[in-house]
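In what follows, a single structure is set out as structure tokens and then discussed.
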There are 2 protein chains.
Amino acid sequence: MTTAPTAQHDAITALEDAGLRITGQRRQVVAAVERRDGGFTAEDISGQLPGVGRATVFRTLKLLVNADVICKLALPDGTPIYSPSRVEHHHHSVCTTCGAIEEFRDTTVERVLRSLTREIEGEIVGHRMEVFIRCGSCLNSQAV
Amino acid sequence: MTTAPTAQHDAITALEDAGLRITGQRRQVVAAVERRDGGFTAEDISGQLPGVGRATVFRTLKLLVNADVICKLALPDGTPIYSPSRVEHHHHSVCTTCGAIEEFRDTTVERVLRSLTREIEGEIVGHRMEVFIRCGSCLNSQAV
DNA sequence: CACGTATTGATACTTACTATCAATTAGATA
DNA sequence: TATCTAATTGATAGTAAGTATCAATACGTG
């Protein structure tokens, strides 16, 4: 039972660093988010926190996305899914069968961006990349 | 005034090849889509075709996405945007200021996927990549 | 502890669709 | 080219994922 810095604490610090107030509601959303392991929706969190207004959940999730505490990604059909962000500068693989989300780092993507910088006249301000997979366990369990 | 095969014709053929019926409404949606140069929303098309039901516009756009006639991509906040697909196997750059969409090919992305194949146990079934930029003309016009 | 501004929650609204289902129609077949 | 049937349509209503509004509340600086 040590008092080592927790991910939760980091998330709160990130919000503080952004000049935001730390309210009970924001603590609750952060706690609910940090408890999650895979992807989750805003409604998941909202349903889990009946004491926190729906609008506040959405607002807080957006703050957490901006603070790089969580990522907002999209399923193939565009449905948004949030996922805790553990690794810096990563991308996601999403299993289209079970919804499992993994983070992976690949510097090759950064190489794509650098080469694009040379080709276009504009300035790159961001990017998004998702790889859709059928994960190992899904392949094994229902071998089609 | 020759009768060279048009993009429109190709789109219709793609629908036929998928075993779908070619209706007047589908022709209208295809024509409206092919007339577009940049990104557009489903509402854009629907507003342009008052004679075609809204639901039919959405349904047809989905068919055209499946047939690779158009792409559905997302702005940084997740807002969906459709864009005509001219080049095979490409990705998109989206100007976050003016909304201009360009296609680019980069085989490096495929390299990312191949290396990922080695790292994970699953099977890759798709991917999405968007690069957000401030395009040349936006940078010039309002130099911040 | 007081005070001012950020934040909240209830409500209503918006956007981007999807489900339903009776009416219509494309296009295969006779 | 008439028939027939399954695919398609459109009107309507519903869903999912948020955003706008604004009066009431509470964080945290001083």
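Quick caveat: nothing in here was measured; it's all calculated off a predicted structure. Numbers restart at 1 for each chain; the letters A, B, ... are given by sequence-line order, proteins then strands.
Going from atom CG of A:Leu61 over to atom C1' of D:dG18 covers 11 Å, rounded to whole Å. To the nearest angstrom, P of C:dT7 lies 19 Å from CZ of A:Phe58. As rounded to whole Å, 14 Å separates atom P of C:dT15 from atom CG of B:Leu75. Following rounding to the nearest Å, A:Ile12 (CD1) and D:dC27 (P) show an atom-to-atom distance of 13 Å. Here the C1' atom of nucleotide C:dG9 and the CG atom of A:Leu49 are 14 Å apart, to the nearest Å. Across the protein-nucleic acid pair, A:Lys62 atom NZ and C:dA6 atom C1' stand 17 Å apart, rounded to whole Å. The distance between atom CD1 of A:Ile45 and atom P of C:dG9, rounded to the nearest whole Å, is 15 Å. Across the protein-nucleic acid pair, B:Leu20 atom CG and D:dT9 atom C1' stand 14 Å apart, rounded to whole Å.
Side-chain contact, A:Thr56 with A:Arg59: a donor N or O sits under 3.5 Å from an acceptor N or O. In the model, A:Thr41 has a side-chain atom that pairs as donor or acceptor with a side-chain atom of A:Asp44 under 3.5 Å.
DNA chain C is contacted by both B:Gln25 and B:Arg54; B:Arg54 maps to the nucleotide lying nearer its 5′ end (nearest heavy atom per residue). Annotation: of the two residues near DNA chain C, A:Arg59 and A:Asp77, the 5′-most nearest-nucleotide partner is A:Arg59. Between A:Gly24 and B:Thr23, the residue anchored nearer the 5' end of DNA chain D, judged by the nucleotide with its closest heavy atom, is B:Thr23.
When distances are taken from the side chain of A:Thr56 to each of D:dA17, C:dT25, C:dT8, the shortest belongs to C:dT8. The side chain of B:Arg21 approaches D:dA7 more closely than any other nucleotide in the set D:dA7, D:dA26, D:dG18.
Looking at heavy-atom distances under 4.0 Å, A:Thr79 makes contact with sugar-phosphate atoms alone, never a base. Residue B:Gly51 is in sugar-phosphate contact alone, with no base atom involved, counting any heavy-atom pair closer than 4.0 Å across all strands shown.
Nearest heavy atom pair, residue A:Ala11 against residue A:Glu34, reads CB-OE2, 3.5 Å.
For A:Asp77, the side-chain hydrogen bond (donor to acceptor under 3.5 Å, both in side chains) partners are A:Thr79, not counting sequence neighbours.
Side-chain N/O atoms of B:Arg26 and base N/O atoms of D:dT8 include no donor-acceptor pair closer than 3.5 Å.
B:His127 and A:His91 have their aromatic ring centers separated by at least 6.0 angstrom.
Put simply, A:Tyr82 has no side-chain N or O that comes within less than 4.0 Å of OP1 or OP2 on D:dA17.
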